[in-house]
Amino acid sequence: MKYTKEIRFVIERLEAAGHEAYLVGGALRDALLGREANDFDVTTSATPAEMKAVFADEKTVETGLKHGTLTVLVDRTSIEVTTFRVDGEYLDARHPQSVRFTRSLAEDLARRDFTVNAMAYNEKTGLVDLYGGKEDLARGLIRAVGEPALRFREDALRILRAFRFSAKLGFAIEEKTLAAARECREGLRKVSAERVSAELRGILMGKDAHRALALMDACGVLSLVLPEARVDERIASLSACFEMRLAFLLRGVEETALAARLYALRLSNAEADAVKRLVREVSDFVPCESAGEVRRLMAKTGALFEPLLEILAALGVSVDLLRDTSALCRARGDCLTVKELAVDGRDLLALGIKGRAVGETLEALLERVLDDPSLNERETLLSLVK
């Protein structure tokens, strides 16, 4: 296995100064799977002070020196470098009370969550795999390092991380690890809503989201983090769009309860609005019988038109007419919004129309044009106004 020139630069610089250094974490896991990596993490025997000295002539960011992490910027690539460490006691099911730096790679790997994330590599030593991570990658298995219940009691978020990796990689979760997730699930109540939301996003975006959600449901985790969800294997037919998949799971949820759940997940206003609109449109959907009705639905839903069609199709609704008509409308450039009308507010002002009547008139013109796109000519619309 070869790593990038940026990783090589960081590792060789540390080794030249007499320190051990290895590529670890997700980048290594993805490389072994033949996937493109995005986040690069290096672990080293160098202490934070020693790291700063090694990279004194490079651009760095003190990401978390208290916990031994320094980010080194190499050709616009950010590489997090962290000292080998041992975590202290966990008192809040999330964060260690303290960390202790160590010169032992083995001690550092022992604190990690899953075997597929507990490997290290450099070109001199090769792969350091103390817990069978490479074998678990080959078997398609998520397995906790050491005693699963201990790992989850230390940090309850690891429970959701197990399901996220299962969804992302299409891996099964090892039996003892899954049993420990059930046993320790109440610890998730102590995890911040933002972190729960981030993990749920990763789960829903995964290629194997349905299996992960079904496992979460079976071991009582889903009822803690997304109790209103309807687990449905048809989610697999939907594109990997977070808002669309969440709306699919929450379809049929009453509006007030839906708003409360989306607020609890700390979604952005735009995300929450998209989910609520999709849920409402699915609930209120009436089959379109004319091109005008299709254009009205397109105008009403805007960017959510295609996600709506995907959800409807997943639910068994025939959307062929909607797809064909919308494609024709787009190909012709049919007007769907007030901004696309051939006249604007200035034209109406010139005709003596003022105040609220300007907007009302434009909306009335749009209604006519949605029925008959050929009317969207300046002189035709002005004639209608007159």
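For reference, positions follow the sequence shown, starting with 1.
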* Asked: For Tyr263, is the NZ or CZ atom of Arg261 found under 6.0 angstrom from the centre of its six-membered ring and inside 45 degrees of the ring axis?
  -> no
* **Residue pair Asp284, Arg277: steps toward the salt bridge (Lys or Arg N to Asp or Glu O under 4.0 Å) verdict** => CA-CA 10 Å; Asp284 296 343; Arg277 288 178 61 197; over 6 Å; no
* Can Lys190 and Glu154 be counted as an ion pair, charged N to O under 4.0 angstrom? -> no
* To do: Using only heavy-atom distances, determine whether the side chains of Thr60 and Glu58 contain a donor-acceptor pair under 3.5 Å.
  => no
* Asked: Does Arg323 pair with Glu306 as a salt bridge, N-O distance under 4.0 Å?
  -> yes
* Asked: Thinking salt bridges, do Glu147 and Lys176 make one under a 4.0 Å N-O criterion?
  -> no
* To do: Before accepting this row, confirm whether a basic side-chain N of the pair Asp371/Arg368 lies closer than 4.0 Å to the acidic partner's carboxylate O.
  => no
* To do: In plain terms, say whether Glu174 and Arg139 are close enough for a salt bridge, that is, a side-chain N and a carboxylate O under 4.0 Å apart.
  => no
* Asked: Ion pair present between Arg151 and Asp113, side-chain N to carboxylate O less than 4.0 angstrom?
  -> no
* Would Asp108 and Arg103 pass as an ion pair if we require N to O under 4.0 Å? -> no
* Asked: At their closest point, which heavy atom of Ile173 faces which heavy atom of Ala162, and how far apart are they?
  -> CD1-O, 3.9 Å
* Asked: Can a donor-acceptor pair be found between the side chains of Ser374 and Asp372 at a distance below 3.5 Å?
  -> yes
* Pair Thr102, Glu107: side-chain N/O donor-acceptor within cut-off below 3.5 Å -> yes
* Between Lys124 and Glu15, is there a salt bridge with N-O shorter than 4.0 Å? -> yes
* Inspect the contact between Arg13 and Asp57 and indicate whether a charged nitrogen and a carboxylate oxygen are less than 4.0 angstrom apart. => yes
* Determine yes or no for a side-chain-to-main-chain donor-acceptor pair under 3.5 angstrom, with Arg295 supplying the side chain and Leu370 the backbone. => yes
* Asked: Taking atom types as modelled, is there a side-chain donor on Glu281 or Thr301 under 3.5 Å from an acceptor on the other?
  -> no
* In terms of the angle between their ring planes, are Phe165 and Phe114 parallel, tilted or perpendicular, with boundaries placed at 30° and 60°? -> perpendicular
* Below 4.0 angstrom, N of the basic side chain to O of the carboxylate: do Asp129 and Lys134 qualify? -> no
* To do: Decide, yes or no, whether a salt bridge links Arg296 with Glu293 under the criterion of side-chain N to carboxylate O below 4.0 Å.
  => no
* Between the side chains of Thr82 and Thr43, is a donor N or O closer than 3.5 angstrom to an acceptor N or O? -> no
* Asked: Any ion pair linking Asp334 and Arg332 (charged N to carboxylate O, less than 4.0 Å)?
  -> yes
* **Axial cation check for Phe101 ring with Arg85, 6.0 Å and 45° limits** => no
* Should we say atom CD of Glu340 is surrounded by more than 12 heavy atoms from elsewhere, each under 6.0 Å from it? -> yes
* Asked: Considering all heavy atoms of both residues, which atom of Ala46 and which atom of Thr83 are nearest to each other, and what is their separation?
  -> O-OG1, 2.7 Å
